[in-house]
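Letters go in sequence order (proteins before strands), and every chain restarts at 1. These figures come from a predicted structure and were not determined experimentally.
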Amino acid sequence: MKRHTILRRLIICVALAVVSAFFMCGEAGAKVNIVTSVPDFAAIAREIGGDKVDVVSLGKGYQDPHFVDAKPVYVTKLNRADILIYNGLDLESGWLPILVTGARNSKISTLNSEGNVDASTFIANVLEVPTGPIDRSMGDVHPRGNPHYLLDPRNGIPVAKGIAAKLSEVDPENASYYDENYEKFAKLLESKIKEWDEELAPYKGTEIVSYHKNLEYLSEWAGLKEVGFIEPKPGIPPTPSHVAELIKKMKSMDVKLVIASNYYPQKTPSIIAEQTGAAFLSIPTQVEGEDGINTYFDLFDAIVGEITGALSEKKGAADHSYSGTEG
Amino acid sequence: MDFTRIILILAIFLASSPFFQSDALGQESDDVKKELRELRQMMEKMQQRITELEEKNKALEQQAKEREEEEEIKEEIVVKEETVVTPSAPQPQEPQSFLGKVAQAINPEISVVGIFAAAYYSLNDPVVFAEIDPQNTGVNVQEIEIGFQAVVDPYFRFDSFFPITNEGIEIEESYGTTLFSLPLNSQFRVGTMRAKFGRINQIHRHNQNFVTLPIVAAEFLGEHLNPTSIEANFLVPVPWYMELSASGGSPDVETQTFQRSPDANNIGNLLYIFHMANFFEVSDSLGVNLGASFATGSNASGPDERSNLYGADLFAKYRPLRDNPYQEFSVQSEFMWRQAETPEEELEDYGFYAEAIYRFAKRWNTGVRFDLTDTNTPVTEEDEGGEVIEQAGISQVARQEEEEEEGMLGLLGRAYRISPMLTFSPSEFSRIKLEYDYLNQNYGPDQHAVFLQFLYAIGAHGAHPY
């Protein structure tokens, strides 16, 4: 008897599913639901989408985007998404694919889905695309290039353009609204970039040491020269011998600045800075990486402000062996 | 008169005959000859013209041909130029080998994970519960798992994992998953898969925290419960994350709890598994998973003998994102209770494990596990005075019997184990684990074991489940 009831329940379930398929229809008049992997895309999408979109980011601004936990609750968010915007270039390969599969949402589930947006496809100049053979003895190398392209503010423009185009495609009724917002965003960003460029101009060519290979785009834009990394290889934590060597190198080159994203361990970089007389900067590298950083503009205001602040202090106090640490 | 007439007529006749008109005729024939000559000349000229025309025609034809060929070549050049002109997208590199070409054609993500363990057991003939636990003192191959994963088309993805052990190659998982939106937020998986029963059953060996499998999982689920089945999952629209899943299929599994009998051709004799998973995001740093499972199907003692297996699972992870991103503390526990009918009696067994893991640095973690199984109807009777039967290898004898008698279901008695471990992960792709196991059984001698496990992973980097 038990067996029969189980079977009957199973049949009822399947029948219900089939019947309800006929009654399912698209939700009308709702806002476009955007889910992003990291908060930078969410910030840009908010600028473009304005009040026509709902935006949520899975990763937090103060979290290493390589290692976000694939929390099941993200599945429910992705399940309701019209558009998923992610960084691509394998930045999220450790956590996002399993969530997208679980989302059971054909709008985003495959690369070919309308709402599946790999933002790296908007970027014309991807740095550090390996030209020779690579393997994992080099550490956690990204085979398709360095994925941290949003740390060059100039890349914000094509990303915003791509997001605007996608929004117009998904929600054609408001296409002109998205276009207008994009124009506004791009204009403002261009003028801000000019300002930041001027602020950074006196420090072009400054040699720096960073924690991970995630500041390449920032350095290229800001004119900083990365002469060393605290990680011996991408993704491999610093070893005492590597740290000793780095300190020696920094002393001989008189490196003035050590920078680490604020989601990396702070102890080793600050010790290295102390021992070499350099300034140590722990900077937010994503929107919402610190309180008060709510937009893409805020992020670079903070980054540029901190870098120029530290370097001007360094210049001013050149005679003293000062080492500033900021958290 | 007649004569003259005849001569006249003859004369006229002769006169009119060509012979006599030869002179006049000679002039005319000259003209004809002229005309003929002219005609011949004309004909010769015409023939010349014809040959000229033919030649021209031929030349024209050749020119046309040449032009066509030229155009073809031009087209080819244009095509070539076009492919050369668009360098923005990087050209995929031509794989050289045949295997490379095949791999590119079907384009799956391929991975290989090897797990090896150097083991020391205090007993000569060690007690081992799961198939890929280290079998003997010495260096053991635990598992070499080959994985192929790819999206099939816009509608399905397909994941396959084949472990190679000393016993040969097996199908651990090979299933398709729907990718398209279905009513009731449902998703279907079809194939051979680790069933959604509890937690550890869904975790591949290389993602598990300990060298050995918890006794309760080994006893009740086999190495893993991976029936070939159809599974439906539903996301329930509640404020937290809730997933319900139901599956029905054939139990091609290595456990006595559920076993396919050749005589069972009844849909009621299949294995049915139900699971409910809940996830609560208490804060950014703390997440809690609570689950309940139920499985029912015919067991090894006969197609009409039924086993019911109930499970409850808990997983909680604390990761202080703002303070120290690489520190993590997690707790995982599962409880299982089994009711099994046999022709003689109804068995009731239970077991559980609880493990706590502390990751104190990016590459280091440590943890401890306690696991226990017990039965109220032991197969091997405990000595009445509570004295442990210490004859050499009694548990081995019982275990051998268990293997020989397919139908044997009950546990031997009570067994518990304590396992502390320390793990160093040079990178995400390799791991070295040191573990000590202390096993206590009320039907045999204690056992101590030390393991040093090495794990290597190459190929595609799969996403980590929560």
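- The environment of Ile230(B) atom CD1 is sparse: at most 12 non-hydrogen atoms of other residues, nucleotides or ligands sit within 6.0 angstrom.
- Contact annotation for Asp69(A): both backbone and side-chain heavy atoms come within less than 4.5 Å of a heavy atom of chain B.
- The interface of residues 132-140 of chain A with chain B, defined by heavy-atom distances below 4.5 Å, comprises Arg136(A), Asp140(A).
- Between Gln63(A) and Arg319(B) the shortest side-chain heavy-atom distance falls below 4.5 Å.
- In this structure, no portion of Pro237(B) lies under 4.5 Å from any heavy atom of chain A.
- For a residue to count as touching a neighbouring chain, one of its non-hydrogen atoms must lie under 4.5 Å from one of that chain's; by this rule Tyr466(B) touches chain A with backbone and side chain alike.
- Counting non-hydrogen atoms of neighbouring residues, nucleotides and ligands closer than 6.0 angstrom, the NZ atom of Lys77(A) exceeds 12 such neighbours.
- Within the 4.5 angstrom heavy-atom criterion, only backbone atoms of Tyr263(A) (N, CA, C, O) approach chain B.
- Annotation: side chain of His461(B) is not in contact with side chain of Asp90(A) (no heavy-atom distance under 4.5 Å).
- For the pair His464(B) and Trp95(A), the minimum side-chain heavy-atom distance is 4.5 Å or more.
- No more than 12 heavy atoms of other residues, nucleotides or ligands sit less than 6.0 Å from atom OH of Tyr155(B).
- Proximity to chain B (any heavy atom under 4.5 Å) is shown, for Asn112(A), by neither the backbone nor the side chain.
- Residues Tyr74(A) and Glu281(B) meet the side-chain proximity criterion, which asks for heavy atoms closer than 4.5 Å.
- With respect to chain A, the highest number of heavy-atom pairs below 4.5 Å among Lys362(B), Glu243(B), Met242(B) belongs to Lys362(B).
- In this structure, Ser181(B) and Lys107(A) have side chains that are not in contact, with every pair of non-hydrogen atoms separated by 4.5 Å or more.
- Residue contact with chain A, scored on non-hydrogen atoms closer than 4.5 Å, involves the backbone and the side chain of Asn233(B) alike.
- Residue contact with chain A, scored on non-hydrogen atoms closer than 4.5 Å, involves the backbone of Ile458(B) exclusively.
- In terms of heavy-atom pairs under 4.5 angstrom with chain B, the leader among Gly94(A), Ser109(A), Gly102(A) is Gly94(A).
- Only the side chain of Phe429(B) comes within contact range of chain A, judged by heavy atoms closer than 4.5 Å.
- Sparse packing is recorded around CZ of Arg80(A), with 12 or fewer heavy atoms of other residues, nucleotides or ligands lying under 6.0 Å away.
- Proximity to chain A is limited to the side chain of Tyr326(B), based on heavy atoms less than 4.5 angstrom apart.
- Heavy atoms closer than 4.5 Å to chain B are found in the side chain of Thr110(A), but not in its backbone.
- Inter-residue side-chain proximity for Leu235(B) and Arg104(A) is flagged as met; some heavy-atom pair is nearer than 4.5 Å.
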query: Would Val75(A) and Tyr241(B) count as a side-chain contact (heavy atoms from CB on, under 4.5 Å) if you check the C-alpha gap in whole Å, the side-chain angles of each, and the deciding distance to 0.1 Å?
result: CA-CA 8 Å; Val75(A) 166; Tyr241(B) 169 89; 4.1 Å; yes
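- Interface remark: Lys233(A) contributes no atoms to any contact with chain B (heavy atom separation under 4.5 Å).
- Nearest approach of Gln187(B) to Thr101(A), heavy atoms of both residues: NE2-O, 2.8 Å.
- Side chain of Lys71(A) to main chain of Asp284(B): a donor-acceptor pair is present (N/O by atom type, distance under 3.5 Å, no hydrogens or angles).
- When side chains are defined from C-beta on, Tyr62(A) counts as touching Leu321(B), because their heavy atoms get closer than 4.5 Å.
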